[in-house]
Enquirer: 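This structure is in C-alpha cells; I'll ask about it shortly.
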Amino acid sequence: MIAEVIVDVAAHPIDRPFDYAIPLHLQVLVEPGMRVKVPFGPRKVLGFITAIKETSEFDPARLKPIHELMDVVPVLNDELLEMAKWMKIQTVCFEIDALQVMIPSALRAKYEKRFVLNAPLEDIAEPLRRYFEKRPFVRSQDAVEVYDLLKKELGRGTIVADTDISQQTAVKKVRMIHITDSLEKLESIEIRPNAKQQVKLMAYMKNHTGKAIESSRLQKEAGVSLPTIYGLVEKGAATINNEESYRDPLLEATIEQKQSLKLTEAQQTAFNAIERSLNTPKTFLLHGITGSGKTEIYLQTIDQVLKEGKEAIMLVPEISLTPQMTLRFKERFGDLVAVLHSGLSAGEKYDEWRKIQRAEVKVVVGARSAIFAPFQNLGLIILDEEHESSYKQDDSPRYHARDVAIWRSEQHNCPVILGSATPSLESYARAQKGVYELLVLEKRAKNQPLPDVQIIDMREELRNGNRSMFSVPLAEAIRERLERKEQVVLFLNKRGYSSFVLCRDCGTVMQCPNCDISLTYHRSSELMKCHYCGYDEPVPHTCPECESEHIRFFGTGTQKVEEELAKLVPEARVLRMDVDTTRNKGAHEKILSAFGEGKADILLGTQMIAKGLDFPNITLVGVLSADTTLHLPDFRAAEKTYQLLTQVSGRAGRDILPGEVYVQSYTPEHYAITLAKDQLYEPFYDQEMSMRRASGYPPYYYVVNIQFTHEDLMTVAGYADQSVRYLQSQLSASTIIIGPSASLIARVNNRYRYQCLIKYKKEPKLADVLQQLIKIYRSEWLKKGATLSIDMNPTSVM
DNA sequence: AGCACGCCGACT
DNA sequence: GTCGGCGTGCTC
C-alpha cells in the first residue's frame, strides 16, 4: 500500500503529493486525512495523507516508508481534502497552506532540531557530556555555546542530528474523582474522629454518592486538600481517573435559555423563503437596514435546521464576535453551540474544534476560519455582515469565506445566507442578476426611526476660523449630552491618522530606514515604530536632519483627540478604545461593559467601536472625519466609506431615546456621504456601479493583483515588466493589464515592491496562464531572490 | 523551505 | 594543508 502525502513545506517545487510506502503494522490504521511524520530528504517533516493507493509511478525501490502515524482519527474529512485542491486552484496557493488553515493551530507541527547521543557517553568530548547526562539528546537551541564541539562529534557519528516534531497543544486531562455509589461502602469505612479533614470529606461524599467530580472542584467544594482525597481513595471511598476534558472559557456562567421572539411580517416573509429552500444549494442575500432584526431570522432558521437533524455554521466578523453576540446564541442553543474566535487560547480553540468533529455540537459561531468546521451534515451557512473585508484572508491561502461557503453549500445541498445592511457591490449585483435571491427588510424591528444624521462641512468651519477637530455644532451637541447625562460615541477613522513627527524648521518627517513609510509615534512606549517591518527607535529630542529642537508630533491619533477633548469638555469622563488600549486579552469587552454601565460619558475609538455597540443611552455619535477612507487610492474607497458611516450611525438611538449623528467632512457633497445620511443603499449602489463600470472594476471586472518584491529596484521592475508582457501575450484582448507600477508603499523591509493588476471579464485560460507565470518565476527569478504573490479578487488594490 | 554537496579564499 | 563561504540542486 502506498500513501500520497502533501508535505509540510510551502515551496513551489514541493507543492504536489509525494508517495510513501505504508509499513505493514500501519496498513489497517491509515486513512486519508490523517497526519503522518515522513522522511523528506535528509530530515523529517509532517504531512497529510491525501490518498491511499496500491501502486506508485515512482520507482518502488526508492519509496521511503511513513515514519509515524500522528492520528487515530483523520483530522480532515474527504470534503475538506477535496476543498484544499479546489482552494489551491482558486486562490493560487500551496495545497499545504490550504490544508493547514483547516485545522486548529494547536494541531500544527512544532519542529525542534536536536542532537541525539549515538554512542556511549564516555565516547564523546568531555565538555559535552554534561549536556547528555539527564537525557540522551539536547535541544539545538540549548547547546549554541558548544556548537563546534557538537559538529565534530556529528562528523564522528557519535551524535546524530534529528528533528523532533510535536503538536503545539495536547488534549487536556483532568483528575476525576469517582465517588462510589454504595452508601454502605462509605459507611463501612472507619475514620478516626480527630482526622477532621477526612470527616469533612466523608460527609460530602455521602451526599454525592455515585457522582464524578473534578478533583480541583472537589477540593474547593468540600474544603479539603488533595492528600485527604487520596486518603479516602485508598480506603475505597472513590476511584481516581485521568480523563480527557474540554477547556471551558465560560465555565462558571450559567446561561438562561431563551425562547424565539415573534417575527415581524417582513422577517416572517424572509424566513419563509429560506425555509422553503432548506435543502437546496441556494444563496440568499438578506439586505436589512441596521436594527432590522436579521439575527432573529438567523436564529430561527438555524433552529429549523437543527430540527431536521442538520448542522449550521454562522460566520461573523471577528470584530463583532462580542460576548453579547455569543451569549445570544448560547441562550438559544445552549450546549449545542461551539464558539471560535481569536480571544480563545490555542487549546480552547482545539477543544471547540473537537466538539465539532465529534458531532457533540450542532452550531458553530465563529470568525472567518470557522467556515472549515468539520461538520458532516451541514444544513445552513450564514455570513453576517457579508460585506466585511475580514472575510478575505490577507495572506496565503488568500481565500474568501463567502466563496468557501458557497462551495460547501453545493457539497451539502444547503443554503447560504449573506446578511448585511450594506451589501458588497459584488453580492448585490449578483442578487440583481438573480444569481442570489434577494430578501429585504426595510424597517427596524422595534420600529424606531433612523437616527437623524447631520453632515458638517469642515471647510466652512475652517473659513470661520475653527481649526480644531471639533466643529462648533458637534462640540455643542457633546456638551448638551453631558448635561442630559446621555452618552456619546466619537469615531475616528484610524487609517491615515497615524501620528508622525515633523521638524518645523526643515520639514523632515521621520522615516523608517527599511521602508518607504513614516514612523508612527507611540506614546505608551515612547518609541517611534514602523508598522510594516517592526523597526523602532527612541523618540528624538532634536531633528535627526538639522538638529533643530523645533520638532513636534503631528497627526490625530485617538490619543491626540483625547487631549483636545479634555480641553473642550474637561469634566467629561472619556474612555479610549484603540489598538493601544485593547492589547490585553479581554480589554475590549472590559471597556465596552464599563461604558455600558455608564462609567464614562464619551467613548472614543477607531473602527472597532463601529460594531456590536448596543447601549440604550447613546444618543450622539460623532464621526470626526468621514474623508479619511474616502480618499484612499482604492476602488473600494467609496463603498467602505458608505458602509462605515451607515454602521456607525446605527450605534445611535437604538432604544427609546432618539439618536443623532454628526458627520464631519471636507467633501460633504460626496455621494458616499450624502447617501449614507439616510441609508439610501439603492441610489448609492446605482451611483457606485456606474463609477465601477467607468473605471473597469468589480463587479464589472474580476481583478487579480500580482505583487513582486526584490532587494534591487531595477531588478524587480524588470521582472514585473517581463511578467506584464507575458500576460499580455497570453490573455485575451479584452483583458486589461494595469502597470507594472511601484506599490503604494514602494519599499518594505529593504525590499522594493512592484505590482500589476489584471482586470478581466472572462478568461478561461487564466489559471493556466498564472501557473505558467509561476513556472517562469520558479525557474528564473526565485533563485535571484525575488518573490511573487498573487491575490485573486483582492479586497483592495493599494 | 531546509539541507547536503561542491568548489574557491584566509587561517592553524 | 583544512575550515568555511554560499551557489545549486534535490526532496517520494
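Chain A is the first sequence line, chain B the second, and so forth, proteins listed ahead of strands; every chain is numbered from 1.
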Enquirer: Ignoring hydrogens and angles, answer whether the base of dA1(B) and the side-chain atoms of R43(A) contain a donor-acceptor pair closer than 3.5 Å.
Expert: yes
Enquirer: F94(A) has an atom CZ; how far is it from atom P of dG2(B), in whole Å?
Expert: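 Taking atom P of dG2(B) as the reference, CZ of F94(A) is at 12 Å.
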Enquirer: Indicate, with a heavy-atom threshold strictly under 4.0 Å, whether Y20(A) touches base, sugar-phosphate, or nothing.
Expert: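 Sugar-phosphate contact only.
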Enquirer: Please determine whether a side-chain nitrogen of the Lys or Arg among D351(A) and R354(A) lies less than 4.0 Å from a carboxylate oxygen of the Asp or Glu.
Expert: yes
Enquirer: Within this structure, what is the CZ-to-P distance between R778(A) and dG9(C), rounded to whole angstrom?
Expert: 14 Å
Enquirer: Looking across every strand, which nucleic acid part, if any, lies under 4.0 Å from P39(A) by heavy atom: base, sugar-phosphate, or nothing?
Expert: sugar-phosphate
Enquirer: What integer distance in Å separates D19(A):CG from dC10(C):P?
Expert: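 The answer, rounded to whole Å, is 19 Å.
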Enquirer: Would you classify K113(A) as touching base, sugar-phosphate or nothing, given that sugar-phosphate means primed atoms plus P, OP1 and OP2, and contacts are heavy atoms under 4.0 Å?
Expert: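 Sugar-phosphate: the residue K113(A), judged by heavy atoms under 4.0 Å, touches backbone atoms but no base.
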Enquirer: Could you tell me whether L63(A) contacts a base, only the sugar-phosphate backbone, or nothing, with contacts defined as non-hydrogen atoms closer than 4.0 Å?
Expert: sugar-phosphate
Enquirer: Using 0.5 Å steps for rounding, measure from the CD1 atom of I790(A) to the CG atom of L770(A).
Expert: 4.5 Å
Enquirer: In terms of relative ring orientation, are Y391(A) and H400(A) parallel, tilted or perpendicular, with 30° and 60° separating the classes?
Expert: tilted
Enquirer: Name the closest nucleotide to the P13(A) side chain, picking from dA1(B), dC3(B), dC12(C).
Expert: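 Between dA1(B), dC3(B), dC12(C), the one nearest the side chain of P13(A) would be dA1(B).
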Enquirer: Is there aromatic stacking of F58(A) on dC12(C) here, judged by a ring-centre distance under 5.5 Å and a plane angle under 30°?
Expert: yes
Enquirer: What distance separates L99(A) CG from T50(A) OG1, expressed to the nearest 0.5 Å?
Expert: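 Separation between the atoms: 8.0 Å.
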Enquirer: F40(A) CZ to dC10(C) C1': how many Å, rounded?
Expert: 9 Å
